[in-house]
J.: 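The structure is given below, and queries will be raised subsequently.
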Amino acid sequence: MNFPLPHPGLALAPASPQFINRYNASDHGRPGAARELADGLNAVAASVSPKYFYDALGSQLFEAITLLDEYYPTRTEAGIFDAAHGHMAAALAGAGITRPCLIDLGAGSCAKAMRLIPHLQPRQYVPVDISVDFLRDAAEQVQNTFPELAIVGVGMDFSAALVLPPQVQRQDRVFFYPGSSIGNFSPDQALAFLQRIADPAQGAARGLLLGIDLVKDKATLEAAYDDALGVTAAFNKNLLRHVNTLLGADFDPHQWRHVALFNEAQSRIEMHLEACCELTVHWPKGERRFGMGERIHTESSYKYTLDSMSALLRLAGFSQIKPWADPKDWFAVFWASV
Ligand code: AVJ
């Protein structure tokens, strides 16, 4: 972009965050999204991608989840960052990275990066998220807190491809993928995603800071996804409202029940929406009948061990793999360099 200078030679104030939108709410409305949603609903085992949780309300509900007593990942991870940020900065320095370009995948409120920025001293901060308006506000907050920091906000769906706009510095890219968000991918998809981060033609990462949720007892895991206040239930059901908007469907959230369970064989939490009665959902080019008790699979959240994630990172082409965990081994943050 080329802005005419108000007066030639007059110094401009530090730029407010640049923002590049490669995604907007109407993308969801494009035939691609409608087809993806309809295909998922028509499948014998119905499903909707968890990326459709995150409309404006969904993003706020997720923020509320992170404050729940039962939802340990966010605060446990924050504790790991507080305890180990010195070691993390040293790991970057050991890989020859002093002023990283910090690329925050699924940045959301940017709260996690804000705690890390003073320690990692990035030359550029690049928050990336699918929830564009939420991200735009968050990037402004970051700029208010760090007026001198160069910020390039990017609205995009990085689950499909990871090609960043040219405004993003190529040198010393460190990807920040906290919160166990990688758990939404199956292990095969996670491997492919990690390979894209490392790929010189795509993410071109020098390093990666990755937060992952660890396997633990079933009761603790299931409570984290089925809290007493019902916030996670609201988060799950909000997806139906979002699908109504995107697809023009007529889901009635009253008719659906939140289900969360730990599938031990697959090492994943599954969230479903279960029909409370026999019902039919309609949308402009289709409909689907659901029997009572029939489910829509809305999310899988895979849980790893330190060994299984180390192996996956190595397979993806990373080396110098180092995890930090909390004292209970509930959560881990990995450093891995390319
Ligand atoms: C954002 C994918 C990391 O799996 O724990 C929280 C989403 N779903 N409660 C997770 C989520 C229900 C969260 N991730």
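Hydrogens, waters and symmetry mates play no part in the numbers below; they use all other heavy atoms, side chains included. Both ligands and their constituent atoms are indexed starting at 1 by order of listing.
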J.: Taking non-hydrogen atoms only, is Y54 closer than 4.0 angstrom to ligand 1 via side chain, backbone, both or neither?
T.: side chain

J.: Could you tell me, atom by atom, which parts of ligand 1 come under 4.0 Å of a heavy atom of N184?
T.: 2 (C)

J.: Return yes if some donor-acceptor pair links the side-chain N/O of S47 with the main-chain N/O of H297 below 3.5 Å, else return no.
T.: no

J.: Does NZ or CZ of R115 fall inside the cone over F81's six-membered ring, less than 6.0 Å from its centre and within 45° of the axis?
T.: no

J.: Give yes or no for whether the N/O distance cutoff of 3.5 Å, strictly under, is met between E299 and ligand 1.
T.: yes

J.: Taking a cutoff of less than 4.0 Å between a non-hydrogen atom of the residue and any ligand atom, is P73 in contact with ligand 1?
T.: no

J.: For A34 versus L247, what's the shortest heavy-atom pair and its separation?
T.: O-CD1, 3.6 Å

J.: Look only at interatomic distance and state if S301 has a nitrogen or oxygen under 3.5 Å from any nitrogen or oxygen of ligand 1.
T.: yes

J.: Any nitrogen or oxygen of Y225 lying under 3.5 Å from a nitrogen or oxygen in ligand 1? Just yes or no.
T.: yes

J.: Measure the distances from the heavy atoms of Y72 to every atom of ligand 1 and state whether one is below 4.0 angstrom.
T.: no

J.: Between S181 and ligand 1, is there a nitrogen or oxygen pair with a distance under 3.5 Å?
T.: no

J.: Has F62 got any heavy atom lying under 4.0 angstrom from an atom of ligand 1?
T.: yes

J.: Considering only the protein, which heavy-atom contact is closest to atom 13 (C) of ligand 1, and what is its distance?
T.: Y71 OH, 3.4 Å

J.: Strictly by modelled atom types, are D326 and T76 linked by a side-chain donor-acceptor pair under 3.5 Å?
T.: no

J.: With no hydrogens and no angle check, just 3.5 Å: does a side-chain donor-acceptor pair link E287 and T280?
T.: no

J.: Just which atoms of ligand 1 are under 4.0 Å from any heavy atom in F235?
T.: 8 (N), 12 (C)

J.: So which atom in V231 and which in A64 form the shortest heavy-atom distance, rounded to 0.1 Å?
T.: CG1-CB, 3.9 Å

J.: Just to check, does G183 reach to within less than 4.0 Å of ligand 1 when the distance is taken from its heavy atoms?
T.: no

J.: Below 4.0 angstrom from a heavy atom of G179, which ligand 1 atoms are there? Numbered from 1 as shown, please.
T.: 3 (C)

J.: May I ask you to check whether F193 and F175 place their ring centers less than 6.0 Å from one another?
T.: no

J.: How far apart are the C-alpha atoms of E294 and R288, what are their side-chain angles, what is the distance that settles it, and do they pass the salt bridge (Lys or Arg N to Asp or Glu O under 4.0 Å) test?
T.: CA-CA 11 Å; E294 203 172 339; R288 165 74 190 256; 2.5 Å; yes

J.: At a 4.0 Å threshold, what atoms of ligand 1 neighbour a non-hydrogen atom of S180?
T.: 3 (C)

J.: Are the aromatic ring centres of F235 and F53 under 6.0 angstrom apart?
T.: yes

